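None of these values were measured; they are calculated from a predicted model. Numbered from 1 within each chain, the chains take letters A, B, ... in sequence-line order. When reading the values below, keep in mind they use all heavy atoms of this one structure, side chains included, and skip hydrogens, waters and symmetry mates.
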Amino acid sequence: MLAKPTTLLLQKHLSRLNSSNTQGNRTTKFLVHCHSQITKHGRNGDLKEAESIFSRMPHKNAISWTAMLTAYYENGHIAKARKMFEKMPQRTTASYNAMITAYTRSNPMMIGEASKLFAEMRERNSISYAAMITGLARAGMVDNAEELYLETPVEWRDPVCSNALISGYLKVGRLEEATRIFEGMGERDVISWSSMVDGYCKKGKIGHARELFERMPERNVVTWTAMIDGHMKMGCYEVGFGLFLRMRKEGFVKVNPTTLTVMFEACSEFGEYKEGIQMHGLVSRMGFEFDVFLGNAIIIMYCRFSFVVEARKIFDMMNRKDVVSWNALIAGYVQNDEVEEGYVLFEKTQQKDVISWTTMITGFSNKGKMGKSIELFRMMPKQDDIAWTAVISGFVGNGEYEEAIYWFIEMLRKVVRPNPLTLSSVLSASAGLATLNQGLQIHTLVVKMGMEFDLSIQNSLVSMYTKCGNVADGHQIFTSINSPNIVSFNSMITGFAQNGFGEEALELFHKMLNEGQKPNEITFLGVLSACTHVGLLEQGWNYFKSMKSLYQIEPGPHHYACIVDLLGRAGFLDDAIDLIRSMPCEPHSGVWGALLGASRIHLRLDVAKLAAQQIFKLEPDNAAPYAVLSFLYSSAGRNRDSEQVRMAQGLKGVKKSAGYSWIIV
DNA sequence: CTTAGTACTC
């Protein structure tokens, strides 16, 4: 705006007055200088300097004290801020306002203290009301916030407060109330609109969000980012990525670190490594400094695609790291089979939380080092349900079911409340032990705790009952599941197959396919063993072939073991040997064990020798080859050879009971 | 010169 000539005259006049200065005016200038210096140093985080100026001031007024108070709370020193407020010689409306803000910003729970101050104020201005209303809204006391808003003298009502109310209502999930405020607003700014767009996204109402988004007069980077994130979180990856491109092309909006954080998160979730790399290139070109959120998102992305070295580079480049950064990289090492490397970081960092500890506990458990897991568990400052569960499922994962149950009982004795994952783990332990009695007790506990409709628990119950031989109860649980997932189907199919209900297993498999559920490698393990039980050679062979051709699943050694078992039992031993020879993966002892079993049924000494030879190599302590060989020799009337095999076994000290690891489940 | 101000992220 152009200054009017009269205004210019007035300014000249005033500056002449100022230059013919007095002592008092110099003092004022010095005070003003000190106040802005205190504020400046406070904002830079240099409290020492701010304090030094404050203490050296010969004359202080209310503004000096308020400036220092603000410097303290902005740097997280609420107690010192309070001391300032209590010690200051006189309090002004501004100092009250500052202290109210200090309370509400340092901790929403201190809203009570803020209210007390607000109540004792003799005079309030618009800032007092705005501070109090936003404080209440942030603390989740939105109704009180709105009440105060309505009490605010009309000439003070600040449109910013409406936005604070909207965000307050959205924070506690009251979308209707937020909409009511939004609709009632005379003038809405981009923040009002963006808040509503985000609110709809968070409620999963993407359509509504989109409607508002297209309708709003002006969008900025925050609006676009909220929309993109909303779509990503709902799994609409394509649309989200499209919005990102659209934002840059037609939105004329520059991305910010938050946008990129959202994009990296989406890459980890749905994308491919390629896209993550592209995003990383974008970040480098834009020359962003890694803020903590962005850096963490990139670390997580690289770890997700097993590029831990790249993740480490980002980590080392970050100026500021938080506990999420450390945990992300530790988890990256642990999940990519470098537990020791993760442990080095774990020992190095001062920033540890329950997640860091449980990540390490799980990491060592996965390596079979339960001793180390327990050691860490005992060392952690406070063992919560998640930590207990990590230990328990660690034992389950290592097949130490009794230990798992023992630790579960310990957990109950320490009065730590189990979560659904805990119960699911101990049910797996009961399934592993095939101890129905124990499983029943845990089932009772599940019901008592009201967790019987948790899907992972229901799945574990199906496994537990069927592994204990109680197919009927397992099936009953299965039919009670509202929307069974792949694990539910696998548990039931395997349960049927293991108990000799091959036809039921296959029937369920087809039902699963009809429902559009994609099978995985575990499904086929159940299906193939079902075929073995019923002796469906051709069908089993077709399923086996369909794994790769229809479902892009590469059969593993366990699948080969099943199909060798199937072929072998039907008498096609030579075909089975050909198949083993053609395997793309290394046949493990289970595959040879299946062949060995078949050679016993069909009295094929030659095949048994071949299989035994391989098993000797892979599992020298396995007694099964000795038993089968000696049986076949004696069946062929070669009692001397039979005796020799048994003697060889005795010399090597192999125990007879050692050998059922090759029995295919 | 001091005090209020809202939306997106790990």
Using a 4.0 Å heavy-atom cut-off, does A:N220 contact any base of the nucleic acid, only the sugar-phosphate backbone, or nothing at all?
base
Listed partners of A:K205 passing salt bridge (charged side-chain N to carboxylate O under 4.0 Å, His left out), at least two apart:
none
With sugar-phosphate meaning primed atoms plus P, OP1 and OP2, does A:S195 contact a base, only sugar-phosphate, or nothing at under 4.0 Å between heavy atoms?
sugar-phosphate
With a non-hydrogen cut-off below 4.0 angstrom, is A:K202 in contact with a base, only sugar-phosphate, or nothing?
sugar-phosphate
Between A:S195 and A:S167, does the side chain to side chain donor-acceptor pair (under 3.5 Å) criterion hold? Intermediate values first, please.
CA-CA 7 Å; A:S195 305; A:S167 79; over 6 Å; no
Please classify the nucleic acid contact of A:R138 as base, sugar-phosphate, or nothing, using heavy-atom distances under 4.0 Å.
sugar-phosphate
Taking only residues two or more places apart in sequence, or in another chain, which ones meet A:H35 in a ring pair (Phe, Tyr, Trp, His ring centres under 6.0 Å)?
none
N/O donor-acceptor pairs under 3.5 Å from side chains in residues 147-156 of chain A, not counting sequence neighbours:
unit_1	atom_1	unit_2	atom_2	d
A:Y149	OH	A:S162	OG	3.3
A:T152	OG1	A:L148	O	2.9
A:T152	OG1	A:Y149	O	3.1

Answer with base, sugar-phosphate or nothing: what part of the nucleic acid does A:S325 contact at a heavy-atom distance below 4.0 Å?
nothing
May I ask you to say what A:E265 touches in the nucleic acid, namely base, sugar-phosphate or nothing, with a heavy-atom cut-off under 4.0 Å?
sugar-phosphate
Quick one: list whatever passes side-chain contact (heavy atoms from CB on, under 4.5 Å) with A:D229, sequence neighbours left out.
A:K233, A:V262, A:E265
List in numerical order all residues of residues 145-152 of chain A for which some heavy atom is under 4.0 Å away from an atom belonging to DNA chain B.
none
Across the strands shown, which category fits A:K40 at heavy-atom distances under 4.0 angstrom: base, sugar-phosphate, nothing?
nothing
DNA chain B contacts made by residues 103-114 of chain A, counting heavy atoms under 4.0 Å
A:R105
How would you give the extent of chain A contacts on DNA chain B, as first and last nucleotide 5' to 3' within a 4.0 Å heavy-atom cut-off?
B:dC1 to B:dC10
Select base, sugar-phosphate, or nothing to describe what A:S95 touches, counting heavy atoms under 4.0 Å on all strands.
nothing
Side chains of A:R82 and A:E113: closer than 4.5 Å at any heavy-atom pair?
yes
Heavy atoms only, 4.0 Å cut-off, all strands: where does A:L31 land among base, sugar-phosphate and nothing?
nothing
Result block: side-chain N/O donor-acceptor pairs under 3.5 angstrom for residues 67-76 of chain A, not counting sequence neighbours:
unit_1	atom_1	unit_2	atom_2	d
A:T70	OG1	A:T66	O	2.9
A:Y72	OH	A:E51	OE2	2.6
A:N75	ND2	A:G42	O	3.1
A:N75	ND2	A:A71	O	2.8

Determine which pairs satisfy salt bridge (Lys or Arg N to Asp or Glu O under 4.0 Å) with at least one residue from residues 238-247 of chain A, sequence neighbours left out, and list them in order.
A:E214-A:R246, A:R246-A:E250
For A:F315, give me all partners under ring pair (Phe, Tyr, Trp, His ring centres under 6.0 Å), at least two apart in sequence or on another chain.
A:W326
Quick one: label A:Y73 by what it contacts on the DNA or RNA (base, sugar-phosphate, nothing), any heavy atom closer than 4.0 Å.
sugar-phosphate
Under the side-chain hydrogen bond (donor to acceptor under 3.5 Å, both in side chains) rule, what pairs show up with a residue in residues 123-136 of chain A, not counting sequence neighbours?
A:N97-A:N125, A:N97-A:S128, A:N125-A:S128
The criterion is side-chain contact (heavy atoms from CB on, under 4.5 Å); which residues satisfy it with A:E120, sequence neighbours excluded?
A:R91, A:Y96, A:L117
Just checking A:A131: base, sugar-phosphate only, or nothing, at a heavy-atom cut-off of under 4.0 Å?
sugar-phosphate
